[in-house]
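First up is the structure itself, then whatever we jot down about it.
None of these values were measured; they are calculated from a predicted model. In listed order, ligands and their atoms are each counted from 1.
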Amino acid sequence: QTGSANTNPSDSADDEYITNVSIGTPAQVLPLDFDTGSSDLWVFSSETPKSSASGHVTYSPSKSSTAKKLSGASWSITYGDHSSSSGDVYTDKVTVGGFSVSSQAVESATKVSTQFVQDTVISGLLGLGFDVGNTVKPRAQKTWFSNAANSLAQPLFTADLKHQQTGSYNFGFIDTTLAKGPIGYTPADGSEGYWGFTATGYSVGGAKLNRNSITGIADTGTTLLLLDDDVVNAYYNNVESAQYDDSQQGVVFDCSEDLPSFSFGVGGTTITIPGSLINLTPVSDGSSTCFGGLQSSADIGINIFGDVALKAALVVFDLGNERLGWAQK
Ligand SMILES: CCCC[C@H](NC(=O)[C@H](Cc1ccccc1)NC(=O)N1CCOCC1)C(=O)N[C@@H](CC1CCCCC1)C(O)(O)C(F)(F)C(=O)NC
């Protein structure tokens, strides 16, 4: 058995990617952000304060004949961008891309932070991280993919995110036609809940890869490519108009500049992010100053290969073999 779901960028900056999920009986369809950087499936619901839920699609367990309250269970999560949410827990049927998990923990939000209130294009997150990262207490719950893995043809999923186009999350199979190059595999470290891996080196503008390894996470829920300062500086030293902009909290440059590509080695193959993907967006509508898709991870403490990097590749999240596969697109 397999599943295949389309995913779409939320806005002109590809800030996040939206995938429809069916919950309950009859199906309630909610737009969720699939996030390999966390392990909770949580939703705006009938239990979310009306003022916070305004503009969001919500899940009503009372309207689902297959919903069951998970008594005594609660959850609470805070993300890297300081957004947060919390609430109680139901189990219900959850279908993604035609594949159903009959009893999935659906975490209902009774509290959401301002960022979520304002982000009306999504109604919650579907975590695709390792189960160890789940926040439900007193007993941690499994992710949708973890529940599905044993019934899928293969215990893996792939992410094919695109710039300003429809992409896909495929479950249980690898559609190699989505890639141009071979898949390079490397061990994945799930001990922290993330899909951790090590890139063997990097280069700017098509030069030969160096041997400076980069350890980080493959994270569909993070917009940018966030790396160490020495890498960020090595890149922007090639961008004549680049400068750090305090108000934007990042490196900006003239939108007219031709940006060099950025490459990294992984699993014996090389993934090259074209310069065009590193020009993320004008700092405000109509501005000729653009914000960089590659920024510093210095104040985070972890390197994040977010959507800017993932858009250049077909990425295989292989739970069965505890490995990550990257193929040039
Ligand atoms: C500091 C490093 C991480 C920042 C990362 N957030 C992001 O990358 C958010 C995502 C977003 C887009 C649109 C609207 C709202 C939020 N984007 C963002 O901070 N920016 C600012 C810079 O310009 C680009 C957009 C994050 O917290 N990612 C979470 C998942 C997001 C949480 C907020 C809602 C969207 C999903 C994560 O799970 O991937 C995580 F791994 F970082 C994490 O915190 N795990 C526990």
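Within the 4.0 Å heavy-atom criterion, the part of D219 lying near ligand 1 is the side chain and not the backbone. Neither the backbone nor the side chain of Q295 comes within 4.0 Å of ligand 1, counting heavy atoms alone. Using a 4.0 Å cut-off between heavy atoms, T220 makes no contact with ligand 1 at all. Of all the heavy atoms of T222, the ones lying under 4.0 Å from any atom of ligand 1 are found in both the backbone and the side chain. Under 4.0 Å from ligand 1, the heavy atoms of I304 that appear belong solely to its side chain.
Near S38, the atoms of ligand 1 lying under 4.0 angstrom from a non-hydrogen atom of the residue are 38 (O). In summary, the atoms of ligand 1 found under 4.0 Å from a heavy atom of S83, numbered by their order in the structure, are 32 (C), 33 (C). Near Y194, with a cut-off below 4.0 Å to any heavy atom, the atoms of ligand 1 are 41 (F), 45 (N). Listed by atom number, the atoms of ligand 1 under 4.0 Å from D119 heavy atoms are 14 (C), 15 (C). Against a heavy-atom cut-off of under 4.0 Å, D15 is close to the following atoms of ligand 1: 12 (C), 13 (C), 24 (C), 25 (C). Under a 4.0 Å criterion applied to the non-hydrogen atoms of F116, ligand 1 contributes the atoms 33 (C), 34 (C).
Between atom OG1 of residue T7 and atom CD of residue Q165 there is a gap of 13.0 Å, rounded to the nearest 0.5 Å. For the atom pair D92 CG and L41 CG, the distance stands at 11.0 Å (nearest 0.5 Å).
Comparing V121, D81, I300, L226 against atom 27 (O) of ligand 1, the shortest heavy-atom distance belongs to D81. In this comparison of I302, T223, T281, the heavy atom closest to atom 18 (C) of ligand 1 sits on T223. When the heavy atoms of G37, S113, G80, G129 are ranked by distance to atom 44 (O) of ligand 1, first place goes to G80.
Residue-to-ligand polar distances keep D33 apart from ligand 1: every N/O pair is separated by 3.5 Å or more. For the pair G221 and ligand 1, the shortest N or O to N or O distance falls below 3.5 Å.
A donor-acceptor distance shorter than 3.5 angstrom exists from the side chain of E257 to the backbone of S241, with no hydrogens or angles considered.
Residues that satisfy the side chain to side chain donor-acceptor pair (under 3.5 Å) test with K93, not counting sequence neighbours, are absent from this structure.
Heavy atoms of other residues, nucleotides or ligands lying less than 6.0 angstrom from CD of Q115 number more than 12. Few gaps surround CG on D229; more than 12 heavy atoms of other groups in view lie less than 6.0 Å from it. Under a cut-off of 6.0 angstrom, the local environment of CG in D230 is crowded, with over 12 non-hydrogen atoms contributed by other residues, nucleotides or ligands.
Relative ring orientation between F305 and W326 is described as perpendicular, the plane-to-plane angle rising above 60° on a 0-90° scale split at 30° and 60°. Below 30°, between 30° and 60°, or above 60°: for Y169 and F171 the angle between ring planes is below 30°, a parallel geometry. Between Y235 and F262, the ring planes are perpendicular. Angles over 60° get that label, and only those under 30° would be called parallel.
When distances from atom 46 (C) of ligand 1 to the protein are checked, a heavy atom turns up under 4.0 Å.
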